[in-house]
Each structure stands twice: as structure tokens, then as C-alpha cells.
Amino acid sequence: MIPIARPQMGAEEKERVWEAMASGSLAQGPRVRELEEAFAAFIGAGHAVATSSGTTALHLALLGYGIGPGDEVITVPFTFIASANSILYTGARPVFVDIHEPTFTIDTHLIEDAITPRTKAIMPISLYGMPAPMPSIVEVAERHGLAVVEDACQAHGAAIGGQRSGTWGAGTFSFYPTKNMTTGEGGMLTTDDADLAGRVRLLREHGMRVRYHHEVIGYNFRMTDIAAAIGLAQLPKLPGYNERRRAIAARYDTELHGVIVPTAPAGVTHVYHQYTIRVSRRDEFAERLRERGVGSAIYYPIPVHRQAPYRALGYGEASYPVTDRLTAEVLSIPVHPSLTDDEVATVIGAVNETAAELGPIEPRAAAT
Ligand SMILES: Cc1ncc(COP(=O)(O)O)c(C=O)c1O
């Protein structure tokens with residue numbers, strides 16, 4: 001079975017981790033600092049703050065902007081639940097708007113209508129490795145005095161016009177094992193705003209700048225030096241990983257038939273954390289791919305507003321037509337950098353044969 005993800009761990013990771021373990025520096029230490037500096041340089045951001053996960057990076061970004069009870073943050077329901085949960089953790093309320101069909105990211109035309117006097121921030125999701133339309137989001141945010149927290153947890157190295165995700169306000173990244181680069185578990189916040197970075201550093205470590213002098217109530221959201229050691233071995237490999245993902249995606253773009261393939265607007269560098277097609281009879285499609293030895297996954301089978309805790313909060317009845325339609329059609333196929341050319345050919349054959357058997361997706365749903 002060709003798996004949907006296959007984390008890459010080599011001799012460099014082993015060596016770096018062993019070095020960290022042998023040094024005795026196991027919690028947050030010099031390797032975390034080194035990874036922060038290297039990641040900030042890679043992204044092109046002034047500051048990077050490492051955290052225990054992408055979720056905690058999101059949570060701290062919002063707290064760093066002073067967001068809390070009574071506030072609203074605009075985001076989308078077509079994402080992993082952590083995006084919206086991070087808003088709830090602060091006591092603020094997520095306000096959902098629908099997505100733009102061809103790109104799976106926030107529909108910027110819907111943002112302005114969702115702004116109220118309580119709105120404090122916009123949280124676009126750069127989903128599947130496709131950057132959200134950050135320039136127009138920043139423009140709306142500046143006009144209304146709102147913060148921008150880009151959930152770039154799936155978008156390491158993605159860019160618009162050469163400007164990388166994570167440089168448009170605050171950006172957050174996840175280093176979960178299936179991501180474009182990993183630290184096992186881990187996350188990162190990037191920003192050019194030194195004050196924001198300082199507040200996040202403080203909150204990350206129990207509000208402590210001077211040992212055991214606590215300025216505010218903070219958290220333990222630290223990354224370990226062992227995790228950072230993995231990240232230091234992975235980061236130099238990220239550009240090559242992303243190039244391989246993009247090369248596989250380019251083959252899929254031209255060789256897949258009977259399905260809707262993802263499209264990246266001109267000037268956008270998509271890093272294909274996922275290669276997500278749209279198919280008819282999706283569940284049957286996935287089953288037939290499995291029979292042909294090809295793994296696939298649905299990201300995500302239930303949109304956030306219809307998840308049980310959000311239904312309990314009263315979000316369940318709202319209608320987001322594009323989100324609902326795409327939720328029923330999306331299927332991600334393997335695009336990870338360790339795929340061999342033979343495996344890529346197997347995936348292409350399996351998708352094309354299955355689409356021929358089940359029929360092409362209805363033109364009604366075609367991307368416009
Ligand atoms: C879009 C998105 N946001 C947030 C997260 C949370 O990251 P983590 O799993 O590292 O907490 C993820 C990770 O899966 C994600 O894909």
C-alpha cells in the first residue's frame with residue numbers, strides 16, 4: 001500500500017538527536033534557539049518562537065495580540081479543528097465565513113460583512129500548502145485595525161510573489177510528523193513584530209523572563225531540545241522536499257483525468273502538503289484506490305462548525321455552501337517526497353482507472 005504520508009528520518013536526525021541527548025540539554029535549550037533563528041531566516045521573518053505544537057503557536061499568537069473574552073476572530077470552518085479551537089481557548093468566539101472554491105482558502109469577499117465592533121483578528125488558513133490570499137487579507141485587516149494570524153501549519157515554504165507564508169502578520173507552523181518538515185511534535189510562530197514575539201516568549205514559559213519571577217499567568221508550551229534537534233536536521237532538507245512535492249504535483253496536474261485537480265493562482269508557490277483532488281462518489285473512490293494499493297485520506301470529513309462541540313455551541317445550523325460541497329468531494333492522494341517515480345505512476349493509474357469506472361465528477365462542481 002502506498003501510504004498517504006511517510007515521515008523521513010535519516011542519519012542527520014539520528015546524529016543531532018543523540019548529540020542533544022548526550023549534551024544533557026533535554027528541555028528548551030540552545031537547539032531551540034538555533035532552530036528559531038534558522039527558521040526565521042528561512043521564512044524571511046524578523047522573529048521566530050518555537051512552541052510545543054502548531055496548536056499552542058496559534059493559541060499564543062492570539063493571546064500575544066491580547067485577544068480574549070468578548071472578542072471575535074474571523075476564520076473558516078474548512079480546516080483542522082485546532083484553528084478554531086485556539087480561538088475558543090482564549091475565550092474569544094470564532095466567526096466562520098465560507099471558502100473560495102478553487103483554492104480551498106478563505107473567500108476574502110466575505111470577510112468585510114463578518115466584521116463587527118468585537119472583531120479583533122482574521123485567521124486565514126493556508127490549507128494543503130496553498131497560501132491563503134494574504135495581500136488582500138492584510139489590506140482588509142489594516143483598513144479595520146485587525147490583527148492577522150495566518151495558520152500556516154500546512155504551508156512551510158509556501159509563498160505569494162516570493163513572500164513566504166508566516167510573514168504577513170503572525171504566522172504559525174506545525175511540525176507534526178506528516179507535515180512538510182517535522183520535529184515529532186512541535187510548532188513555531190513567526191512575525192516581524194518584536195513586541196508580539198516578546199509577549200509570546202513570556203507566555204510560552206509561565207510568564208517568566210527572570211527565573212521564578214512570574215510577570216503574568218503563562219503556560220508550559222515549550223519545545224524540547226530533542227525536538228529542535230530533529231528540526232535542525234530537517235530544515236535544510238525542506239526546500240528539496242518541497243521541490244519533490246511540487247514535481248509530483250506537476251505530473252498529477254497533467255496526467256490525472258476525470259477528477260478536479262487543485263489550481264494555484266499565478267505567482268503562488270504551492271508546497272502541496274496535500275494534493276487534494278475532487279471526485280464523484282468519494283467514499284467508493286477511496287475504497288477502489290485502496291484495492292489498487294493506493295492510500296488516500298479525507299481532510300476533513302466534517303467541517304468544524306458541524307463537529308459535536310461546535311454544534312453544542314450553536315454553530316451547527318449555519319450554512320457554508322462551498323465548505324459543505326467540498327467536504328463531500330475532497331480526497332487527498334499521496335504526494336510526499338519519498339514517493340518513487342514508479343509509485344507516482346501507480347497513483348496516476350489507480351486514480352484514472354477509478355475515475356473511468358465511477359464516472360467523472362459533475363461539471364456543475366467544476367472549479368471556476
Ligand atoms: C491547519 C492546521 N492548523 C493547526 C494544526 C495544529 O498543529 P499541531 O497538530 O502541531 O498542534 C494543524 C495540524 O495538523 C493544521 O493542519
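Given the structure is predicted, the values throughout are model-derived calculations rather than measurements. Counting convention: from 1, in listed order, for ligands and their atoms alike. Keep in mind that the numbers below use all heavy atoms, side chains included, and drop hydrogens, waters and symmetry copies.
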- Item | Other cluster members, Ile43 - Ile/Leu/Val/Met/Phe/Trp/Tyr, side-chain contacts below 4.5 Å |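 Members alongside Ile43: Val32, Leu35, Phe39, Phe42, Phe173, Phe175, Met181, Met188, Met223, Leu232, Leu235, Leu238.
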- Task: Could you go through the side-chain hydrogen bond (donor to acceptor under 3.5 Å, both in side chains) check for Glu112 and His144 one step at a time?
- Result: CA-CA 9 Å; Glu112 228 146 0; His144 293 272; 2.6 Å; yes
- Query: What pairs of residues pass the side-chain hydrogen bond (donor to acceptor under 3.5 Å, both in side chains) test when at least one of them lies in residues 53-62, not counting sequence neighbours?
  - Reply: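 Pairs touching residues 53-62 that pass the test: Ser52-Thr56, Ser53-Thr56.
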- Query: So which residues, sorted by chain and number, lie with a heavy atom under 4.0 Å of ligand 1?
  - Reply: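 For ligand 1, the contacting residues are Ser53, Gly54, Thr55, Leu58, Thr79, Phe80, Ala82, Ser83, Ile125, Asp151, Cys153, Gln154, Ser174, Lys179, Gly186, Tyr300.
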- Is a side-chain donor or acceptor of Glu13 paired with a backbone partner of Gly10 at a separation under 3.5 angstrom? yes
- Query: So which heavy atom on Leu326 is nearest to which on Glu101, and how close?
  - Reply: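 Leu326 and Glu101 have their closest heavy atoms at CD1-O, 3.7 Å.
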- Query: Among pairs that include at least one residue of residues 34-60, which meet salt bridge (Lys or Arg N to Asp or Glu O under 4.0 Å), considering only residues two or more places apart or in two chains?
  - Reply: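 For residues 34-60: Arg16-Glu34, Arg33-Glu36, Arg33-Glu37, Glu36-Arg201, Glu36-Arg204.
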